[in-house]
Amino acid sequence: MESTVNSNVSAPEATATTNFIRNIVEEDLKCGKHKTIVTRFPPEPNGYLHIGHAKSICLNFGLARDFGGRCHLRFDDTNPAKEDVEYAEAIKENVRWLGFDWGKHLYYASDYFEQLYQWAEQLIRQGDAYVEDLTAEEIRAHRGTLTEPGKESPCRSRTSEENLELFRRMRAGEFADGAKVLRAKIDMASPNLNLRDPVMYRILHTPHPHAGDKWCIYPMYDFAHGQSDSIEGITHSVCTLEFADHRPLYEWFLERLGIYQPHQYEFARLNLTYTVMSKRKLLQLVQDGDVSGWDDPRMPTLSGLRMRGYTPESIRSFCDQIGVGKSDSWIDMSILEECVRNDLNIRAPRAMAVLRPLKLVIDNYPADMTEEFEAANHPNDPAMGSRMVPFAKEIYMEQDDFLEEPPKGFFRLAPGREVRLRYAYIVKCESIVKDEAGKIVEVHCSYDPASRGGSAPDGRKIKGTIHWVSAPHAVKAEVRLYDRLFTVPNPDKGGQDFKTFINKDSLQVLDTACLEPDLAKAAPGSSYQFERQGYFHVSSPADDGRPVFNRTATLRDSWGAGGKKE
């Protein structure tokens, strides 16, 4: 493989956070063990990437970036029954969106199938592999337990010549699926169950998404993974902790084949509260209709987080903040949410939006008059400029900003009380109108013309300030309030059905929201802070043409201590 440095690996900012893997890489370069660092991100194209994969992406691409090396994107596509081109394309898109580029170093394990097959024949000739006739159930029964050794198969004593002939007939398509497998001949009494004659090849008469219909036998992941690293000249093979017990098997294959042996380093995977990280379970949510798809904004997939309004910068910041360690631990969802708040607080322009409208009529305001008030697009960034917000006799306010009988500490609007309208005037509630069911449908107020801009000339203090939208100028929109998908921190705990804990309020659709007129021009993919509401992301328009906004995050953590929704 090439050893030239790939300048395309550069993503955004280099990280200053150190960890044990970075220390190893730094020492290997310093002592001359390696001249160029070569890492890889090797997903299986059997689902969409999730936030856990982002940790691995940032680590592997970040190492290559920071130490002047290169990082490969390789699809470990050894199981065509579960893989799809859709998944592969989504993976490439998500890695690019996260801010990384593999340049010309895109690889597929399936491109190595012929070499892997030849290596399998080599192991057979050496007496290190044999063709097995036992069924999958019988192989499992022979495997033994953690405290009892396994039982050797009758097929283990076959000659190399007989095994070679059978393996070639397997490749030729002479046997049905499951009729035979190729196993490594290692040690059925090994305390490591992965070394008890693991399966190397199985028969599968299924076309491959990348390799086509050339093959009817496919290598197992454990046989292809280490050799693929070897072929590509990977210097630091970085995996999560669950692969630590597989490392002796990878090393056994490489040693028996006499080929270059990369060293594997394991780090703790990301466990995030209030979600699941199993691709199998995420696929179940999609197939059962519990979510709208892999890119549902409630999903922990990168596509879902992107649809919700998370930025690449916020996810990279999150991965940098949680660090890389050797012990499994749980990261609270609130840390990820705070990362996106911190990022959007800087980059998201402000706007006013009334999500649950209540009409407010200013009785002493001229019916034929319209004013405009200048509003800053960002309170701390003058470079973002400002916009003009229209004001009229009838405006919309939030239902929650009015109470007929307010409790102590309620500083918003109530009968006889004054409140400041953001950017505009001070108004006082004079009366209310209710419908036949007793629901408040209108609030009538008077305004102080001398309080333009929100200041009282006589110096009286107004404790409450509320946002609003001019009724004649309001843009009707659909707003989707997304929340955590599960009600408990660990839905998998205790072996219960994880779907039991799905949060039934994880999505609320508000179809009568009223927005200030400038938001009619909001481009899909952009983000805003709705004042006093949270951060919202512009989605594709609704079928009737109305703009659609997805809530990315509330302005502050609404779950509170102990994981309880406030």
Side-chain angles (χ1 to χ4, degrees), residues 334 337 341 345 350-365 373 375 379 389 391-471 474 479 481 483 505 508 510 512-516 528-536 551 553-562 564-566:
S334 62
E337 293 168 340
R341 286 191 193 98
N345 182 51
R350 275 43 171 176
M352 291 195 292
V354 175
L355 306 188
R356 298 175 178 86
L358 173 62
K359 183 171 284 189
L360 186 155
V361 181
I362 305 174
D363 294 327
N364 62 332
Y365 192 89
F373 294 94
V389 181
F391 185 82
K393 182 182 182 70
E394 294 185 355
I395 63 175
Y396 290 117
M397 62 177 290
E398 288 289 346
Q399 294 176 13
D400 291 346
D401 282 341
F402 182 86
L403 285 179
E404 188 175 7
E405 297 179 3
K408 184 179 180 181
F410 183 83
F411 298 119
R412 287 161 282 174
L413 199 57
R417 286 194 183 181
E418 288 185 312
V419 73
R420 180 184 297 103
L421 299 178
R422 178 80 160 142
Y423 305 116
Y425 294 105
I426 296 171
V427 296
K428 180 180 181 181
C429 178
E430 305 291 352
S431 63
I432 56 176
V433 177
K434 297 183 179 181
D435 61 15
E436 294 180 356
K439 179 183 177 181
I440 299 172
V441 293
E442 280 187 6
V443 175
H444 285 256
C445 293
S446 60
Y447 87 113
D448 180 355
S451 65
R452 181 181 171 89
S455 298
D458 59 4
R460 67 186 188 275
K461 293 184 178 180
I462 308 298
K463 291 186 176 181
T465 299
I466 65 174
H467 63 280
W468 51 272
V469 172
S470 169
V479 174
L481 302 181
D483 208 338
D505 296 321
Q508 298 181 52
L510 308 179
T512 61
C514 295
L515 284 53
E516 65 174 75
Y528 291 84
Q529 185 197 100
F530 289 173
E531 297 195 26
R532 303 177 62 229
Q533 305 278 18
Y535 296 98
F536 290 79
R551 184 172 68 187
T554 53
L555 289 180
R556 53 185 149 317
D557 184 8
S558 59
W559 282 74
K564 293 183 179 180
K565 181 74 173 178
E566 292 181 358

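Values below: every heavy atom of this structure, side chains too, minus hydrogens, waters and symmetry copies.
- In this structure, the side chains of Arg551 and Tyr535 stay at 4.5 Å or more apart for every pair of heavy atoms.
- Counting only distance, with no hydrogens or angles, the side chain of Ser451 and the backbone of Ile426 share a donor-acceptor pair below 3.5 Å.
- Within the 4.5 Å cutoff, no side-chain heavy atoms of Asp483 are placed close to those of Asp505.
- For the 3.5 Å distance criterion, the side chains of His467 and Arg422 fail to qualify, holding no donor opposite an acceptor.
- In summary, Asp363 and Lys393 do not engage in a salt bridge, as defined by a charged side-chain N under 4.0 Å from a carboxylate O.
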*salt bridge (Lys or Arg N to Asp or Glu O under 4.0 Å) between Glu404 and Lys434: does it pass, once the steps are laid out?*
CA-CA 11 Å; Glu404 188 175 7; Lys434 297 183 179 181; 3.0 Å; yes
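- A salt bridge is absent between Glu337 and Arg556; no separation between the charged side-chain nitrogens and carboxylate oxygens falls under 4.0 Å.
- Two rings, from Tyr425 and Phe373, have their centers less than 6.0 Å apart.
- For Asn364, there are no side chain to side chain donor-acceptor pair (under 3.5 Å) partners at least two apart in sequence or on another chain.
- Side-chain atoms of Leu413 and Val419, non-hydrogen and from C-beta on, do get closer than 4.5 Å to each other.
- At least one side-chain heavy atom of Thr512 sits under 4.5 Å from a side-chain heavy atom of Pro357.
- At least one side-chain heavy atom of Val433 sits under 4.5 Å from a side-chain heavy atom of His444.
- Under the 4.5 Å side-chain criterion, counting only non-hydrogen atoms from C-beta, Pro415 is not in contact with Glu430.
- Taking the centre of each ring, Tyr528 and Phe536 stay at or above the 6.0 Å mark.
- At a threshold of 4.0 Å, the pair Glu418-Arg460 counts as salt-bridged, since one of the basic side-chain nitrogens sits closer than that to a carboxylate oxygen.
- With a 4.5 Å cut-off on side-chain heavy atoms, Arg532 and Ile466 count as touching.
- For the residue pair Glu531 / Tyr423, a side-chain donor-acceptor distance below 3.5 Å is found, with atom types taken as modelled.
- Considering only heavy atoms from C-beta on, Leu360 stays 4.5 Å or farther from Phe402 through its side chain.
- Here the side chain of Arg412 pairs a donor or acceptor atom with the backbone of Asp400 at under 3.5 angstrom.
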